[in-house]
Structures are given as structure tokens and as C-alpha cells.
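What follows is one structure encoded as C-alpha cells, with my remarks underneath.
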Number of protein chains: 2
Amino acid sequence: MEQIARSPKQIGAAVRRRRRTLKLSQSDLGAKADLRQATVSALENGKPGTQLRTLIDALAVLGLEMAIRERSRADKEIEDIF
Amino acid sequence: MEQIARSPKQIGAAVRRRRRTLKLSQSDLGAKADLRQATVSALENGKPGTQLRTLIDALAVLGLEMAIRERSRADKEIEDIF
DNA sequence: ATATTTTATGCTACAAGGCGTATAAAATTG
DNA sequence: CAATTTTATACGCCTTGTAGCATAAAATAT
């Protein structure tokens, strides 16, 4: 499964989904990624101020990676809804 | 073209590459994304503290999107080098 | 080589992140 | 329902991001 993430909320959702698939609590993830449980919570809830470092560390622990690419044509024609 | 980005530096490189393809200066991008030229510079240079908001805003202006997915098998066997 | 454009860096000010710690609220389990 | 686990929030502290503004350094163009 691959999730397109164009907003902090979508990023957070992807992280949460994966964490749950792995049956980890926020504390578990935090321990492995060297982040507080509260920080994991903030990330998953889509706080826009979350730092790249935090995301990268969480992704690594979760066995996830990020890809950056052009938006697909169809996507370009529809404005993101915020 | 799709770039895997597992570190702030790789993220920054993807942003810079795309910006140059579009023949925009950091100031141009900054103006469109509502970011200072200095902030764009920091993002492209891989400052880990850069906020998700900053990345998201830049990607949107550049017509890029982020995808989050499992690391491919081959990738898992090789530790990232930092 | 010189002028112009672009990028990196510095200043101050303010806002916010993430830390430790702790607790309240919510969800899950028995 | 009660006990347990998980998640969201809060306080104080220190660090850091981003803002506006400005300039130095580097790269590109003439």
C-alpha cells in the first residue's frame, strides 16, 4: 500500500496506519525512534510544525520510505481540499 | 522521475532539482509558497528541523507530491549510511 | 573581467517544537 | 463494570524555525 500525502494530516495518517499494522503503541514507536510519546501523537495528528527529523526518524523505525514525484495529471486538475 | 527521500538532505535535493527544472529561483519559489528565500535555502540544504508545513507548501508550488510506502525488500537489507 | 543574479548567512524578534515529567481522557481488555 | 493500556494535553525549559531585513559569497551572464 502506498499513501499519497499532500498535507501534514495525511502524513500523520500514514504513520498511524503503519504503526497500528505493526501493533506498536506510540510509546513503543517513540522508544525506538527516540521521540516522546507526545511527539509521536503530534506527528500522527498532523501538526504542521512537526520537524522533518521527527518524520524521518519515525518512518525509519516503521520501515517506511518517502518518495517525491510529480503530481499525476489527474491530480493537477483537482484543487486540494483543506 | 521519482526520488526516494529518507533523509532531510535527500528531500532537499528533490526540491532543488525540481525547482531548477522549472527555472525558478529560491526567491521565486519563496514568493509563491509564502516562504523567505532563506527558508527555501534551508529546506534545500536539508536542515532536519525544517517543518512539514514548509516542505508541503514548497511541494505544492512545485507540482510535486509525497508518497509514503514500505521500504522495498532490497532496501531493508542495507542500512542507511549517515 | 565586470555586472547581474542567485544563494547562503547574519541580526533581532517572536512563535513553536521537543524534551522530561505528569496527568486527564479515551480506548481496550478482562 | 472495573482494571489496564493507550493517547492527548499541560507545565517549565531550552533550542530552533521563520519572519523581516540586510549583506556576503557564489554563480551566471554580458
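The chains referred to below are lettered A, B, ... by the order of the sequence lines, with proteins before strands, and numbering in each begins at 1. It should be emphasised that the depicted structure is a prediction, and the values quoted were computed from it without experimental measurement.
- Nearest heavy atoms, Gly63(B) versus Arg18(B): O-NH2, 4.0 Å.
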Please table the atom pairs, donor to acceptor, closer than 3.5 Å between any side-chain atom in residues 53-62 of chain A and protein atoms at least two apart or in another chain.
{"from": "Arg53(A)", "atom 1": "NH2", "to": "Gln51(A)", "atom 2": "OE1", "distance (Å)": "3.1"}

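- Annotation for Arg17(A): atom CZ does not count as buried by contact number, only 12 or fewer foreign heavy atoms lying within 6.0 Å.
- Remark: Glu65(B) CD to Glu70(A) CD distance equals 9.5 Å, nearest 0.5 Å.
- When side chains are defined from C-beta on, Arg16(B) counts as touching Gln26(B), because their heavy atoms get closer than 4.5 Å.
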Atom pairs under 3.5 Å: protein N/O with N/O of nucleotides 18-20 of chain D:
{"from": "dT18(D)", "atom 1": "OP1", "to": "Gln51(B)", "atom 2": "N", "distance (Å)": "3.2"}
{"from": "dT18(D)", "atom 1": "OP1", "to": "Thr54(B)", "atom 2": "OG1", "distance (Å)": "2.5"}
{"from": "dA19(D)", "atom 1": "OP1", "to": "Asp34(B)", "atom 2": "O", "distance (Å)": "3.2"}
{"from": "dA19(D)", "atom 1": "OP2", "to": "Arg36(B)", "atom 2": "N", "distance (Å)": "3.1"}
{"from": "dA19(D)", "atom 1": "OP2", "to": "Thr39(B)", "atom 2": "OG1", "distance (Å)": "2.5"}
{"from": "dA19(D)", "atom 1": "N7", "to": "Arg36(B)", "atom 2": "NE", "distance (Å)": "3.2"}
{"from": "dA19(D)", "atom 1": "N7", "to": "Arg36(B)", "atom 2": "NH1", "distance (Å)": "3.3"}
{"from": "dA19(D)", "atom 1": "N7", "to": "Arg36(B)", "atom 2": "NH2", "distance (Å)": "3.0"}
{"from": "dG20(D)", "atom 1": "N7", "to": "Arg36(B)", "atom 2": "NH1", "distance (Å)": "2.9"}
{"from": "dG20(D)", "atom 1": "O6", "to": "Arg36(B)", "atom 2": "NH1", "distance (Å)": "2.9"}

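- For Thr50(B), there are no side chain to side chain donor-acceptor pair (under 3.5 Å) partners, not counting sequence neighbours.
- In this structure, Gln37(B) CD and Ser25(B) OG are separated by 8.0 Å, a value rounded to the nearest 0.5 Å.
- At least one donor-acceptor pair under 3.5 Å links the side chain of Gln10(B) to the backbone N or O of Arg6(B).
- Remark: nothing in residues 22-33 of chain B comes within less than 4.0 Å of DNA chain D through any heavy atom.
- At a threshold of 4.5 Å between non-hydrogen side-chain atoms, the residues Leu35(A) and Leu29(A) do not count as touching.
- Between the NZ atom of Lys32(B) and the CG atom of Leu22(B) there is a distance of 8.0 Å, given to the nearest 0.5 Å.
- Residues Pro8(A) and Pro48(A) approach most closely at CG-CA, 3.8 Å, considering heavy atoms.
- For the pair Leu64(A)/Arg19(A), no side-chain contact is recorded, criterion being any heavy-atom separation below 4.5 Å from C-beta on.
- Comparing the end axes of the helix from dA1(C)-dT30(D) to dG30(C)-dC1(D), each fitted to five base pairs by superposing C1' atoms of four pairs onto the next four, gives an inter-axis angle of 70° (nearest 10 degrees).
- In summary, contact between chain A and DNA chain C, defined as any nucleotide atom under 4.0 Å from a heavy atom of the protein, begins and ends at dG17(C) to dT21(C) in the 5' to 3' direction.
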